[in-house]
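Read the structure below first, then the notes.
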Amino acid sequence: MPRQLLFLPGPVMVAPPVLRAMDRPLIDHRGPEFAAMLERIIRALRPVFGTRGEIAILGSSGTGGMEALVANLFTPGERLLSCPVGSFGKRFAGIAASYGCTVETLETPLGAAVDPAALQARLHADSDRRITGVLLTHNETSTGVANDMAALAPMLRAHGAITLVDSVSGLGASEFRMDEWGYDAVATASQKALAAPPGVAMVALSERARARLENRALARFYFDLRRALEFSHIGQTPWTPPISILFALDVALAAYHAAGMQAAFERHAGFAGFVRSELQRLGFTLLSHPGAHSDTVVAAYPPPGIDPGPLLRTLREEYGIVLSGGQAELAGKIVRFGTMGDVAASDLQTAFEAIEAAQLELTSGVA
Ligand SMILES: *Cc1c(COP(=O)(O)O)cnc(C)c1O
């Protein structure tokens, strides 16, 4: 079994120094060393979110961060506009529905990003402001589609609804300017572009969002963000945090900033562009439309005669190359190639040599 190269849209390959950061004794999560680390992590996250506002660190995967936003910002019966461009967008809507919100959907064709004109038209029609919240996905991992968050921002601000953003697979890889664009609540997680192990969600809140935390009618406990922020101010988390994962995240963020955010944006965009052109060269068809491509995950239909299942199995078992398949209605139809994490250009080369060889193997058997 060769060493595995992971090109999943999370979890991702984690650099050895980040992995080694976890190989140390645990510390008191109510002590000064932890407080210093938490402060360092939050300071490092500010430019990644593009905010000077509050950031809370939660012990959970990204979905917990999304749930925390919904649970802390809306009460049952509020009307939300969901703008899914894939299954993570639908998950966000599902969370809101399970908290008793009335969720309306702005439909977008498969492979496209949210159309700013369509969003503007829907918000414009809501002249009596019945919609109190809007759910958006910065980067949709299931379809390899990125939304133009800068272009959507002005119409959202003009309407005034509270805007929630799932940027679990976007932040760190693509620019996000939360304060400047005026988004209210943004969630991300440790195991995607920040290139750390899974287990930590991070959420940032605007002043408007913070004001909503005071609502006593909210149903929440573990994910009570008011409590999370109160503890954050004294260098702690309300509950026992995943200390070892935070050791890793601390080192990952230091490495991230040492290389520079701009370099990270360019690397992700460059890798995703390379993956798209190589897949097309091998006969794949991209799922995402031109102008809507993600910088962190490429979703594509294999050429005729190649099924995703056997292709993914051959790559994993014979070449140690781990790609992902489709989710929900795209299961068995597409492959997804993630470019986040400790990926080198030579790893991409290795992956494409394997894909080409596996394709040959699978088609020669058929004839
Ligand atoms: C990975 C991901 C999530 C969260 O998934 P978890 O498994 O809960 O960490 C949410 N949204 C998007 C867009 C993602 O890529």
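Counting convention: from 1, in listed order, for ligands and their atoms alike. Everything numeric in this text was worked out from a predicted model, so none of it was measured.
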Check: So, Arg130 and Asp126, do they make that salt bridge, N to O below 4.0 Å?
Finding: no

Check: Would one find an N or O of Glu140, backbone or side chain, under 3.5 Å from an N or O of ligand 1?
Finding: no

Checklist line | Charged N-O contact under 4.0 Å between Arg52 and Asp179 | finding: no

Notebook entry, point to check: Is a side-chain N or O of Asn72 found less than 3.5 angstrom from the main chain of Ala68, in a donor-acceptor match?
Noted result: yes

Notebook entry, point to check: Does Gln280 CD have over 12 foreign heavy atoms under 6.0 Å away?
Noted result: yes

Next item on the list: Provide, to 0.1 Å, the distance between atom 2 (C) of ligand 1 and the closest protein heavy atom, together with that atom's residue and name.
Entry: Lys192 NZ, 2.6 Å

Next item on the list: Give the residue and atom name of whichever protein heavy atom lies nearest to atom 11 (N) of ligand 1, and the separation in Å to one decimal.
Entry: Asp166 OD2, 2.6 Å

Note to self: Is it the case that ligand 1 has an N or O less than 3.5 angstrom from some N or O of Gly62?
What the structure shows: yes

Notebook entry, point to check: Would Met66 count as a contact of ligand 1 if the rule is a heavy atom under 4.0 Å away?
Noted result: yes

Check: Under a heavy-atom criterion of less than 4.0 Å, does Asn139 contact ligand 1?
Finding: yes

Check: Which ligand 1 atoms, with their elements, are less than 4.0 angstrom from a heavy-atom of Ser169?
Finding: 13 (C), 15 (O)

Checklist line | Audit row: Tyr183, Phe49, ring pair (Phe, Tyr, Trp, His ring centres under 6.0 Å) steps and yes/no | finding: CA-CA 10 Å; Tyr183 288 103; Phe49 279 96; over 10 Å; no

Check: Would you call the rings of Trp239 and Phe221 parallel, tilted or perpendicular, where under 30° means parallel and over 60° means perpendicular?
Finding: parallel

Check: Is there at least one pair of N or O atoms, one from Thr137 and one from ligand 1, spaced under 3.5 Å apart?
Finding: no

